[in-house]
Every structure is written in C-alpha cells, then in structure tokens.
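These notes concern the structure reproduced below.
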Amino acid sequence: MIVPRGAVLALRAVSLAALAWPLALGIAPLAAATDATTAAAAASAEAHAELWPQRESKLSPDAEIERRIDALIAAMSIEQKVGQIIQADIASVTPDDVHRYHLGSVLNGGNSDPGNRYNAPARDWLAAADAFYAASMKPNGKLPRIPIIWGSDAVHGHNNVVGATLFPHNIGLGAARNPELVRKIGEATAIEMRVTGLDWTFAPTLAVVRDDRWGRTYEGFGESPEIATSYAAPLIEGLQGKVGDPDWLRGPHIIATAKHFLGDGGTHAGKDQGDAQMAEASLRDLFSPPYLPALDAGVQSVMVSFSSWNGVKMHGNRSLLTDVVKDRWNFDGFLVGDWNGHGQVEGCSATDCAASAVAGLDMYMAPDSWKTLWRTTLAHAKDGTLPMARLDDAVRRILRVKLRAGLFEAGKPSARPYGGRFELLGSAEHRALARQAVRESLVLLKNAGSVLPLKPGAKILVAGDGADNLTKQTGGWTLSWQGTGTKRSDFPNAQSIWEGIDEQVRAAGGTATLSPDGSFASKPDVAIVVFGEEPYAEFQGDRPDVGFDDAKALALLRKLKAAGIPTVSVFLSGRAMWVNPFLNASDAFVAAWLPGSEGGGVADMLFGKADFRGKLPYSWPKSSDQTAVNIGDAGYDPLFAYGFGLTLADKGDLAPLPEMRASVAAADPGVLFAAGKPGAGRRLLIGPPGALSTNPGPDLIEVRAADRIAQEDSVRLRWTGAGPAVAAIVMGEAEDLSRQSNGELALEIELRVDTPPTADVSLVMGCGAQCAGGFPLAPMLTAAAKTGKWTRIAVPLSCFARAGVDMTRVETPLSLATAGKLEIVMSSAKIVSPTGPVIQCK
Ligand code: BGC
Ligand code: BGC
C-alpha cells in the first residue's frame, strides 16, 4: 500500500435518509448505461466439440499424489474445503485469519505489501511468507494441515520488491522475438521470488492485444498470437522448470499462471474488463493459441479474465472454463479468479457467488471480500447450491498443485532453497540478463543520416523528463500497482538511462550533461531526449486514442533541432503511439517501451555496442485514431508494420509526416474537476436541492473562478446560508464505477476552506432517484479552515458503496450540500489511486 495507514480520519457512512436533510438532487433522469450485449449463442454440442478439439495432456496422473489427495479430502472438514478455494489479499488478512478460516492462498495485490509499506525490505516479505505458512500449518484438531501458497504479480521480474531485477515489460520482450531469452527471464524471476519466500506468480500474460487503447497493452507480447505462442512454453518452463525434472515447481522454480483466459485483449474499443464481441471461432483463433503450449509446458494455474465474451462474464462461463479448459484441453491444475472478478457475474456480488465455482472456477481471488465470501460459500456448499462434487474437484486441483510443488514437505519459506538469499535480488547475473533484454527489445524507427550509433567520446546533452526517471522507465506494476509514487532510492539495483549513458561517455573520455529541460551552456554535438508515457496499469491506462501528447518534449526537440543539434529520441511507452510530430523533430527515434531497471542497455544501443534487432510487436499507428491496426487486417495501413525495425546498416531516413492529430476526445475518465473546469463530459451544477443548474443566481450559492497555482485553475464555492444548497459534479450519463470501487481507488478532492461551515455538510455520491450515500463533512472542513491550508480529502469509493451507493450507475460522483454558510476553493476532484492517506470508513 503506498498510502500510509497511520493517522487517518475515520468517518461513519450515512445513508441517504440519515444525511443532514434529504437530498433529492432532482437531476433529469439520464440514459441508462446501455448493455447492448447479447448472451452467447449456445452452439450445439457437436459443433462445440469440433470447434475445440480434444487435447491430450502431456502430464500423466501420479497415482501416489492422487491417493494422498483422496486421503486429505476424506479428512477435511467442509469449512476447510471452502477455505482452500479462497484467496485473500495480505492487506485484508492476517495469519490468524488464515488459520481460522483455513484459507488456501494469499496474494499481494499491486498495492499490498508487508507492513503496508510499498518499499518494504525483502526480509519483511520473507518474514510475512513464513508467518502465513506457519499459520497454515498450525495444528487444528484432527484436520489435515495444508500449506498455503502466496501468489504475486511478478510480471516483469519480481517487481513488487525493492531491489529486484526489473525486466522490460512484455511489450519489449515481444519486440525481442527471442524465446530462449524469456526462458532465462523466467528462471531469474523464479529465483528472486523464492528469495522472498513466494510460491506463485500471476504471469505470464498471454493476451493478444487488438486495440492499443487498452491500458494493459504493454502486458501483452504482441498483436497477433504468434509471439505469445512462441513464448508461452519457454517462459513457463523458465518459471516452473520442466515437467518430469526433479526440480519442477520447486527449488529454484515456482508456480506460473497463464492469464487472462480468454479474450482479455480483444474487448470492444480496448476497454479493460470489457466485452469481446465475436464469433467463437474468432475467439479461439485469436486468443487461445498461446494457451496450448502453456498447458503442454505444464502451467499449473490459469487465471480467468475479468472480461466478457459476447456479454457473458468469463467468470461465469461454464462452457469455456469447464467444457473447454478442463474437459477438452484436459487441464488438471486449477483455475484462479481475478480480483473479485466473480462479483461481476450476473446475480453475484464479490461476497456471494456460487455461480463462478459452479461454472468451473477453482479458487476465488477475494482480496477484501474473502471473509463474507467464505460464509456464503459455506452455506452454498451445505445446501447444495455448490455441489459437493464440484467443491471436492476444486480442492483436488489445488491440492494437486501443492503436492506437485512438494509444499507439504518443503518446510517454511525461509528454510527452502534460495529463501533469504537476498544477494540474489538484482544479482549481477540477473541484471546482465535484463540488460541483454533491453538491448534486444529496442526498436529503431528512424535513423536519418545515420546519426546512430553515437560516439561516446562526443559532447552529449541528455534531456527529457524520462532521462533520469526510474519511475517512468519501469512503468506500471512496479513497487506500486500503477507504478507511481516511487523515488530513486526505491531502486537500489538499477540504473537510469541517463546513468547508463553517463557511465559509457565517461569511460570513453567524452562529456555527457543531464539537462531535463534541454538548456545548455555550450552547444553539444548531439542531444538524446528521453520522454514518454507516465506509468499506469489496467483500466487506469485505458485511453480514448493512441495519440501521444507532450508539448514540453516536443518544444524541447524542436528547439534543439532549430539550434542545429542532431536529436535522438528515446520513447518510453506501453503501446505503439502516434508520434508524428516527434518523429519529424528527431533525427533518430527509438521505441524503448518500458525497459525496466537497466538503463545501461539503452546506452549500449545508442553507442552501437550491439546492432538493433528489435522488431515491432504491434503495428505503429499512422494517425492518433488508428487504435486497432493489426497485421492481417483488410486494408492494413499502419505507419510502420508489425515486424518493422531498422538495423544500423539500413537507410533510416523518413520523409516528413503529417502532424495533424485526429480529434478524439482525449478525456481522462477519472477527472471530475481540474484546471478550473469540470472534466470532459461532466458538468458543475449548483442550486437548491432538486433544482440544480449551471447558474441559478447568487442567493443560495455562488460560483466564481479562483487561482491556486495558475490563473483560474480552481473554483470558489460560497454557500450563503439562506437555505439548503448543493454544488455537484454531474456525469453526462450514468457511469458504472463498480470496477473502480473494487480496488482502492478513491474520490480525492483538493480544497481550501475560507469560511468554515455553520451547519452540517454532506459529501454525497448520487446514483439516480432516491439513490445516494455519503458522509458528514463539517468537522473535517472546520479543521481544515483552522489551518487555512490546501487540504486533500480522499474517500475510498468502496466507502460510498458501503454507504449505499449503487456503483453501477453513478450519476453524481460528487456533491456537497449544506444549509449553512460555507466557502471553499476547490482545485481538483478526481477518481484516482489515492496520492496520500485515505479516510477510513467502517
Ligand atoms: C489483475 C490481474 C492480477 C490481479 C492481482 C487484477 O486486477 O487483472 O492481472 O493478477 O489483479 O493483482
Ligand atoms: C490491487 C491490484 C488489483 C486492483 C484491482 C489494486 O488495489 O493492488 O493488484 O489489480 O486493485 O482493482
């Protein structure tokens, strides 16, 4: 958790009726979110069998293991069985809970860390692993003792842990087109996980990404099944070892996960957790090929996708989960769910969903919902809603993997091979491998007049906000979920791109100068400009188009070019993006993706230590609205085709490109209010309850522009006290924020209180007629008024859900209401991963 959990305010949620006075926001009913999807047409059994032919398993059943499972299941209580199929997040579960509820697994979500410290030292991870293990093995009457497994998103190295080697994200590995390289990366990642006592990685992502607006584009190896299919087996063997070898799943190896099954990268408009709308044959042909080698290589878990196929959530899709994966493909490991993904199945909630298990899910990922889910699932198992045979089968599969991994005999994590060998985190050998991966992943898109390779003996200016910026260089899923909020000291075993360049230039007797803004005292021979996307993960990275905007970086490049300095752009991004203006302003342009901890690898390429061999894993767009250009399309017309990539020997000139950006609403959906105005598609309305408008006159409440940092970047709201009045941000149409309220996203408001409240104040979220929930805010505002300072108020969305807001149809994400006097200046209101402490509601 990057948010300190210390001195935070606690608020009691209040329902609509209990608020200061009833709030009938009276906003005209808005169009309900359309659910244009149709249920999947049930193909006849025969057609289905033809579509998904029988696959022979490469894993022969082990009679001894199956006997042990039989004995265990016979001795387990029903409570223990239910616990076995539930996975809780370490931010919401203690070792005692694990013992008491017999939980089969824990995970650390991207923002969950031992002691709630995003940069907790590696030894704390190992200690936590020991504690959870000990709890699972503590005697419990006559019940068998079953070791727990801890899963983590080690998706580009063991990226949740300080000091680990950070490999390029999958997009870069896809560019490398080197299956043996990913095998070695799997081996190194597994060892680093073992050092900290973890058993299981939620990787590899085998998504085939069809629309680069998706915030997870960089987690995929490419846009066609080809690369993921060639990587699946070697990567899984690197992580797990080889089936049949004595160290399979143990020793230096861990358990791997193929994810997210199925069609995660094929959702409509690249929407995270969206809907893949296509015929079953297309679904199979585009997205399933990488799973077959993954199963052949013995992958032991498959994670079910959050997304839907033709309107049906995968977490409830029995035909694909059970009929295809288990029956036709003969998969005998287990299916794990995604983060409360079961809760999105029709008729389910995060805390109650037998339907998912019935459809074939074997382990619920129930981060914060596990306890109630345990109770409801137990009830379902007792009354047969969840048939005992299905429960036993799920347990059997999980036990099978645990037995194969030798966990019953392995002892505590710190006593297993590699446990506590902290010197292996970011070891020289692993970092050299990561550096090789960086070298192989860079794709050269332009090299006019052969400006590359550079001479390290030259006078080099290194500019751009990405040059000395490990946060940007490592991207999402790095120490925090979104990859944000980290600082240089969080990366003890890493080198920024600038540091890598500087090292080589010094060694060659040249001079390199770091100047993020590009200013210089004496004219350099050449300038390297490093810029690109800010880190993101999952849905927070979804974009309305693929146009890259960075006015500063562009101005910088143009200024250098105008001064007659050759420019080399190093572009950091999680997707292929429209960068025409930047290409025009650069002599050389390198797509460096999200290279990870080894900036030296970038320097190697700029100085010609190796020739470029990276080839585009995603087609490069010709316009900012060419979001889904994929090899094989009819009329395929990208700027650079899939597979493109120059070598130093190629003629790398590029004719000037058109710079007109296609206009697509470039809205950040999380912004409710910023830069002095409501976010795109939102309105700020004020007035008496039931009659809000943009400008009702100043009797009850007044709105004026105000300045915080820049002119008119804020709004001043003054309640006169003449009667109840509301200021509200209203959506263009009701929005489904249930996904956002699932994790730790919060409504974060920045404000200053100039006149303290004289009566109760309510902070309310509205979801249509007679649907709202919120919190009394007067005490906090009174306290803020005393300081006179800018104050940040962050209320987790889950608090609003608990206060009775129907998060599937939020119409008014923020409203402030009082009948008294109050004057505030608000500079921003956003739905974000909180940037500081959050209010606790319970
Ligand atoms: C992601 C998964 C990840 C899980 C646990 C989910 O939100 O979709 O890829 O493994 O969280 O962090
Ligand atoms: C977790 C992620 C998870 C996400 C889902 C975050 O708090 O850290 O792992 O994928 O929530 O909303």
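Start at 1 and go down the list; that is how both ligands and their atoms are numbered. In what follows, every heavy atom counts, from backbone to side chain, and hydrogens, waters and symmetry copies are set aside.
Close approach of ligand 1 to E538 (heavy-atom distance below 4.0 Å) involves ligand atoms 1 (C), 6 (C), 7 (O), 8 (O), 11 (O). Interface atoms of ligand 1 facing F202, defined by a heavy-atom separation under 4.0 Å, are 10 (O). Near L107, meaning under 4.0 Å from one of its heavy atoms, ligand 1 places the atoms 5 (C).
Not a single N or O atom of W339, backbone or side chain, sits closer than 3.5 Å to an N or O atom of ligand 1. Among the atoms of K259, some N or O lies under 3.5 angstrom from an N or O of ligand 1.
Counting heavy atoms under 4.0 Å from ligand 1, residue T205 does not touch it at all. By the criterion of a heavy-atom distance under 4.0 Å, the side chain of F306, and not its backbone, is placed next to ligand 1. Here R216 has side-chain heavy atoms under 4.0 Å from ligand 1, and that is the only part of it that gets that close.
Remark: R809 pairs with D806 by the salt bridge (charged side-chain N to carboxylate O under 4.0 Å, His left out) rule, at least two apart or across chains.
Side-chain rings of Y101 and W370 approach one another, their centers coming within less than 6.0 Å. Centroid-to-centroid, the aromatic rings of F539 and W339 stay 6.0 Å apart or farther.
For atom 9 (O) of ligand 1, the candidate residues are Q87, M303, H260; the nearest heavy-atom contact is made by H260. Checking D153, N340, V336, D264 against atom 5 (C) of ligand 1, the nearest heavy atom belongs to D153.
Both tests do not hold together for R216 against Y536: distance to the six-membered ring centre under 6.0 Å, angle to the ring axis within 45°.
Each of Q344, E346, H342 was compared with K313 under the side chain to side chain donor-acceptor pair (under 3.5 Å) criterion, and only Q344 meets it.
Sorted by first then second residue, the side chain to side chain donor-acceptor pair (under 3.5 Å) pairs that include residues 228-239, not counting sequence neighbours, are R183-E237.
No salt bridge links R210 with E223; every basic N to acidic carboxylate O contact stays at or beyond 4.0 Å.
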